[in-house]
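The structure appears below as structure tokens.
Note that the structure is predicted; figures quoted are calculated from it, not measured.
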Amino acid sequence: MQSDALLHLNLNRRGQFTRRNFLQAAALGVAGSPLLSQIQLNAAEMKKQGRACILLWLAGAPSQLETWDPKPGSPNGGETKKIQTQTPGIEIAHYWPKIASVMNDVALIRSMTGKEAAHERGTYHLHTGHRMLGIEKFPHFGSVVARELGDPNSDIPNFVSIGQTLSSGFLGVQVAPFIIDRPGQLPDNVTSDASAARQRRRLALLSQQERDFAQAGAEALVQEQSKLYQKASLMMTSPRLKAFEFDGESEDMQTAYGKNQLGQGLLVARRLVEAGVPFVEVRSNGWDMHSSIFRNMERRAADVDQGLSQLLTDLKSRGLLEKTLVLCMGEFGRTPKINARPPAPGRDHWVRNFNLLMAGAGIKGGQAIGKTDENGQEITDNPVQVEDLFQSMCKAMGINADMELHTPIGRPVRLVDGGAVIKGLFG
């Protein structure tokens with residue numbers, strides 16, 4: 001009979017498999033889950049050892065006019081000024097002096113155009129490459145990377161998110177994001193309070209439960225759960241757990257990233273990539289600036305400016321930038337026209353044009369792709385669709401964008417449905 005304990009290992013209400021679920025399975029010696037999807041491991045030739053991606057997600061959708069495409073002096077420009085960057089001819093908003101100093105390693109896409117102007121739908125679109133249509137839950141790009149480039153026998157997760165994010169969708173729990181909230185500290189539950197003898201009894205109980213469950217007709221489910229349990233056990237004793245902490249990291253380096261949640265999260269991301277984790281997401285909240293945008297930008301941009309510029313510098317100095325794709329983006333843009341909301345003006349949702357930052361993994365730095373008109377209202381050159389972005393992300397990671405994924409009912413769907421690699425993005 002299925003015990004309630006077998007339900008402890010489960011997806012949360014967002015469809016995510018949390019670190020607490022994962023580690024409790026090992027600590028308690030019991031595990032269970034909903035039916036798991038079939039996972040098809042890709043051919044060995046698709047694996048690109050050492051490739052990694054760090055996604056800095058600016059949740060709430062940053063304004064393109066206050067980031068990489070300022071329009072000072074225009075009717076829509078507002079209080080934002082522009083500054084010259086390290087790359088002659090490329091100017092960005094004045095909130096980003098440190099990013100300006102590393103522009104030779106950065107490509108800006110100033111002509112993104114999307115189709116979803118609501119937060120949940122835009123977040124889904126920019127994380128999966130697919131619009132939120134139908135009943136299928138498409139996987140987070142990080143789960144695809146974890147499946148294609150990750151080590152299935154790794155003793156630490158192949159996809160780590162510092163902050164909440166989307167789920168692995170129909171790819172199932174084995175490539176789901178392992179979510180932590182406190183960068184620089186070990187995840188909760190990595191040690192067991194039980195004695196060795198008690199732990200052995202729990203293991204024996206688990207083994208008996210698994211046999212009973214398998215005999216009841218759930219052999220495939222038991223096999224999947226056994227894999228998860230083994231991973232949890234491996235992680236609890238892994239020397240690579242140190243990547244979650246700052247052990248051996250100088251005080252100067254920690255300070256260089258910024259002594260705040262975002263900066264420390266980016267430092268952990270670099271350490272995880274060094275440890276072999278192929279995909280890490282770091283989330284920055286607070287970018288939904290319907291009001292007081294100019295005051296809020298000063299505060300929000302400072303942490304990202306420092307942390308992201310230091311990440312790029314650090315990756316480059318360690319020889320990691322050439323094989324690590326760095327993305328900084330949100331779900332859409334903000335209205336060029338400034339609103340009149342109290343207590344101070346802001347910008348509302350806007351999907352017709354927005355921008356993002358890319359670096360590393362073969363991307364040619366020191367360039368800005370695409371243009372908007374003088375008021376930031378319309379794209380005037382090289383519009384880039386979300387599918388184009390995902391084609392480019394796949395190219396950077398060495399993943400076949402045309403591959404077919406299979407839903408739980410066996411329906412084949414393309415990883416990226418259409419689009420083309422962004423022209424001129426790669427060197």
Inset, instruction - Measure the CG-CD1 distance between D69 and I109 for me, rounded to the nearest 0.5 Å. - result: 12.0 Å
Inset, instruction - Specify the closest pair of heavy atoms between E66 and T80, including all atoms of both residues, with the distance to one decimal. - result: OE2-OG1, 2.7 Å
Inset, instruction - Keeping the roles fixed (side chain from N355, backbone from Q64), state whether a donor-acceptor pair exists under 3.5 Å. - result: yes
Legend entry - Salt bridge E249-R270, side-chain N to carboxylate O under 4.0 Å: yes
Inset, instruction - Report yes if some heavy atom in the side chain of P239 is under 4.5 Å from a heavy atom in the side chain of D155; otherwise report no. - result: yes
Legend entry - Donor on one side chain, acceptor on other, E331 and H125, under 3.5 Å: no
Inset, instruction - Determine, for E79 against R295, whether the closest basic-nitrogen to carboxylate-oxygen distance falls under 4.0 angstrom. - result: no
Inset, instruction - Look at the rings of F332 and H349 and say which category their plane angle falls in: under 30° parallel, 30 to 60° tilted, over 60° perpendicular. - result: tilted
Inset, instruction - Could you tell me whether a side-chain N or O of S74 sits under 3.5 Å from a main-chain N or O of G77, the two making a donor and an acceptor? - result: yes
Inset, instruction - Taking all heavy atoms of E374 and all of K71, pick out the closest pair and write down the distance. - result: O-CD, 3.6 Å
Inset, instruction - First locate atom OG1 of T335, then atom CD of Q377, and finally report the distance between them rounded to the nearest 0.5 Å. - result: 9.0 Å
Legend entry - Heavy-atom donor-acceptor pair, N339 side chain to P345 backbone, under 3.5 Å: no
Legend entry - Smallest separation among heavy atoms of A275 and A243, with atom names: CB-CB, 3.9 Å
Inset, instruction - Taking the side chain as every heavy atom from C-beta outward, state whether R51 and P278 have any pair of such atoms under 4.5 Å apart. - result: no
Legend entry - With C328, the side chain to side chain contact (heavy atoms under 4.5 Å, CB included) member among L58, L312, I54: L58
Legend entry - Gap between atom OG of S143 and atom CD of Q174 - 0.5 Å precision: 11.5 Å
Inset, instruction - For the pair E148 (side chain) and I399 (backbone), establish whether a donor and an acceptor sit closer than 3.5 Å, ignoring hydrogens and angles. - result: no
Inset, instruction - Let me see the working for H130 and E136 under side-chain hydrogen bond (donor to acceptor under 3.5 Å, both in side chains), right down to the final yes or no. - result: CA-CA 10 Å; H130 293 262; E136 301 294 358; over 6 Å; no
Inset, instruction - Mind listing the closest non-hydrogen atom pair of N382 and K423 along with its distance? - result: ND2-O, 4.4 Å
Legend entry - Donor-acceptor under 3.5 Å (D388 side chain, I422 main chain): no
Inset, instruction - State whether D348 and R334 are salt-bridged, where the test is any N-O pair (Lys NZ or Arg NE/NH1/NH2 against Asp/Glu carboxylate O) under 4.0 Å. - result: no
Inset, instruction - Give a yes or no answer on whether the side chain of H94 reaches the backbone of K81 with a donor-acceptor pair at less than 3.5 Å. - result: yes
Inset, instruction - Report the relative orientation of the aromatic rings in W96 and W68; use parallel for angles under 30°, tilted for 30 to 60°, perpendicular for over 60°. - result: tilted
Legend entry - Exam field: side chain Q391 to backbone G418, donor-acceptor pair closer than 3.5 Å: yes
Legend entry - Any donor-acceptor N/O pair, Q254 side chain to Q264 backbone, under 3.5 Å: no
Inset, instruction - Could you tell me whether the side chain of S101 and the main chain of K98 form a donor-acceptor pair under 3.5 Å? - result: yes
Inset, instruction - Check whether any side-chain heavy atom of E251 lies under 4.5 Å from a side-chain heavy atom of T255, and answer yes or no. - result: yes
Legend entry - CG on N400 to SG on C394, rounded to 0.5 Å: 8.0 Å
Inset, instruction - List the steps, then state whether side-chain contact (heavy atoms from CB on, under 4.5 Å) holds for W57 with W287. - result: CA-CA 10 Å; W57 182 254; W287 295 89; over 6 Å; no
Inset, instruction - Enter the distance from L262:CG to S284:OG here, rounded to the nearest 0.5 Å. - result: 4.5 Å
Legend entry - Charged N-O contact under 4.0 Å between E116 and R131: yes
Inset, instruction - Say whether N260 and D303, considering side chains only, have a donor N or O and an acceptor N or O under 3.5 Å apart. - result: yes
Inset, instruction - May I ask you to check if K395 and F426 form a cation-pi contact, with NZ or CZ under 6.0 angstrom from the six-membered ring centre and within 45° of the axis? - result: yes
Legend entry - S291 to R341 - nearest heavy-atom pair and separation: CB-CB, 4.1 Å
Inset, instruction - For Q84 and T87, indicate whether the former's side chain and the latter's backbone hold a donor-acceptor pair under 3.5 Å. - result: yes
Inset, instruction - Would you mind listing every salt bridge (charged side-chain N to carboxylate O under 4.0 Å, His left out) that reaches into residues 156-174, with sequence neighbours excluded? - result: none
Legend entry - Side-chain touch K115/R121, heavy atoms, less than 4.5 angstrom: no
Inset, instruction - In sequence, state the C-alpha distance, the side-chain angles, and the governing distance for L425 and M358, and then conclude on side-chain contact (heavy atoms from CB on, under 4.5 Å). - result: CA-CA 9 Å; L425 181 60; M358 305 179 77; 3.9 Å; yes
Legend entry - Shortest non-hydrogen contact between A269 and V280, atoms and distance: CB-CG1, 3.7 Å
Legend entry - Side chain to side chain, L171 and R147, heavy atoms closer than 4.5 Å: yes
Legend entry - Within-4.5 Å side-chain heavy-atom neighbours: R411 and F170: no
Inset, instruction - Answer yes or no: is there a side-chain heavy-atom contact under 4.5 Å between I99 and I92? - result: yes
Inset, instruction - Find out whether L108 and I369 are in side-chain contact, i.e. whether some heavy atom of one side chain is under 4.5 Å from a heavy atom of the other. - result: no
Legend entry - L56 and V326: CA distance, side-chain angles, deciding distance, side-chain contact (heavy atoms from CB on, under 4.5 Å) verdict: CA-CA 8 Å; L56 172 51; V326 178; 6.0 Å; no
Inset, instruction - Report the C-alpha distance between M289 and R300 in whole Å, list the side-chain angles of each, state the deciding distance to 0.1 Å, and finish with yes or no for side-chain contact (heavy atoms from CB on, under 4.5 Å). - result: CA-CA 10 Å; M289 300 178 186; R300 292 292 176 199; 3.5 Å; yes
Legend entry - Centroid-centroid under 6.0 Å between F159 and H140 rings: yes
Legend entry - Point-to-point distance, once rounded to the nearest 0.5 Å, from CG of L321 to CG of D314: 10.5 Å
Inset, instruction - Evaluate side-chain hydrogen bond (donor to acceptor under 3.5 Å, both in side chains) for S111 paired with N353, printing each intermediate quantity in order. - result: CA-CA 6 Å; S111 53; N353 61 284; over 6 Å; no
